[in-house]
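Below you'll find the structure, written out as structure tokens, and then a few comments.
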Number of protein chains: 2
Amino acid sequence: MEVKNNPTMEIVILETAERLFLEKGFGMTSTTEIAKEIGCNQALIHYYFRTKENLFNIIFEKKFRQFFQNIFVVENLDQMTFQDKLKHIIETHFDMVRENPRIPLLIVNEFSRNPEMVATLKEKLQGVVAMLFENLKTDLQVEIEAGRVRPITLIDLIFNIISINISLFLLLPVAGEIMSLDEKQKEIVINRRRDEHVKLILNGIRS
Amino acid sequence: MEVKNNPTMEIVILETAERLFLEKGFGMTSTTEIAKEIGCNQALIHYYFRTKENLFNIIFEKKFRQFFQNIFVVENLDQMTFQDKLKHIIETHFDMVRENPRIPLLIVNEFSRNPEMVATLKEKLQGVVAMLFENLKTDLQVEIEAGRVRPITLIDLIFNIISINISLFLLLPVAGEIMSLDEKQKEIVINRRRDEHVKLILNGIRS
DNA sequence: CATTTAATTAATAGGTCTATTAAATATGGA
DNA sequence: TCCATATTTAATAGACCTATTAATTAAATG
């Protein structure tokens, strides 16, 4: 049994498809275009991945996990104050979204195309989400009871962080165009917003 | 000159196309499907609107304006405090997004498909945006100088409001699925978030 | 009523898309 | 070297899509 298992072309297809799916979405990306981009025969896409749907699902699942699995970094935070923990969480989440600015749009769009895909993936994440919750829940409770933080559910707090970080990178292309920002100016805005998000969330939960 | 000008079919096409474009986006909606949905011949779409692109552009421009033209209600706010003005702005914007929850996604997606469309529309909005700015800018300045609000640019404040409101309705379909929310529970979440957004923004700019 | 114009349909050209199949080429092991 | 297997390509079926054209039906007008 000689296993050739040359992964290069398979990987090239995955990488190219990932880029195009992220740029243009499922519906506006064709296997023909993926092949043309690579410079290979279009049938090769189907040789390795059988269907476009299957290729997309592999990529989508990977991106979905990538986005939710380590959505928050909650390690080495033990000796910090709650404020500093939260600041650290907001900033690392911000940086993660900054590195993957198109994943949220991919997920939102795919959900309206095929809700079952997300339903399928959610089960695999529930453990992670639950763990994340437990980790911060007691901290928040202590702060609220001490009167340092206004009453707020952990889920609302987390939703605030995710919302504000994600929407920056969702809206920036459009907002940048409306405000006539070039790439350099966008970079400045992003850095200013990073600080602003920390201030907004931290101030926003004060009692 | 006998002008028939029977607008019913034209309107039916516009309404059906609008619904489908909002649901599935430009790329995954075909003129064939629009016609099938209506129950008319597919050529009729092209008779009235010539091209799919043209039909989409008409709808997109309308939705774009609808979303940005009256993005904030800033009338009859004269005798209010800054806090109450802001509360009112956040809530009316929230309600507007709630009524048009799919427009942001349409705009974001269309921008990555065809950035020039947004570039074309921005000029027509700049007057509106500028007026909006002037109206709140001095108010904010007064609050900051009085020490009641931390230093923040008006643009960041507005971006905070738009971001938090839009992202709720962008993310709710996915988040609802992950958290297994039915429609009734979603409604409860939406109402709770409406209050939370006001608290977040108002607290978030305290000095 | 006859005629002109508008609205609608049937038919189709021409293109692209996904997926399959068979043939050609490359690769590794005996 | 020769063979078996893996990879790649060429060709194509079959579906669907956009847009156009010509023909048909409906509506309005004199």
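Everything numeric here is computed off the predicted structure, so don't read it as measured data. Proteins get letters first, then strands, A, B, ... in listed order; numbering begins at 1 in each.
Side chain of B/K63 to main chain of B/N100: no donor-acceptor pair is present (N/O by atom type, distance under 3.5 Å, no hydrogens or angles). Panel note: side chain B/S112, backbone B/N109; a donor-acceptor pair is recorded below 3.5 Å.
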Can you name the atoms? Protein N/O to nucleotides 20-26 of chain D N/O, anything below 3.5 Å, with the distance.
none

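For A/R194 and A/N191, the side-chain atoms include no donor-acceptor pair closer than 3.5 Å. Counting only N and O atoms by type, the side chains of B/S180 and A/K122 include a donor and acceptor under 3.5 Å apart.
The ring-ring contact (aromatic ring centres under 6.0 Å, His included) test with B/F26 singles out one residue from B/F111, B/F60, B/F56, and that residue is B/F56.
Remark: B/E18 does not engage B/R102 in a salt bridge, criterion side-chain N to carboxylate O under 4.0 Å. A salt bridge between B/R192 and B/E196 is absent, with no side-chain N of the basic residue lying under 4.0 Å from a carboxylate O of the acidic one.
Contact between the side-chain N/O atoms of A/S30 and the OP1/OP2 oxygens of C/dT16 is not found at any separation under 4.0 Å. Contact check, A/T32 against C/dT16: no side-chain N or O comes under 4.0 Å of OP1 or OP2.
The distance from atom CE of B/M28 to atom C1' of D/dC17 is 13 Å, rounded to the nearest whole Å. Look at NZ on A/K52: it is 8 Å from P on C/dA19, rounded to the nearest Å. Separating the CD1 atom of A/I45 from the C1' atom of D/dT7 is a distance of 13 Å, rounded to the nearest angstrom. Rounding to whole angstrom units, CZ of residue B/F56 and P of D/dC17 are separated by 17 Å. The CG-P distance, from B/N57 to D/dT18, rounds to 15 Å in whole Å. Atom CZ of A/F49 is separated from atom P of D/dT7 by 12 Å (rounded to the nearest Å). Regarding B/I34, its CD1 atom lies at a distance of 11 Å from the P atom of D/dC17, rounded to whole Å. We find that CD of B/E10 is positioned 14 Å from P of C/dA6, with the value rounded to whole Å.
Listed candidates were D/dC17, D/dT9, C/dT18. Nearest to the side chain of A/L44 is D/dT9.
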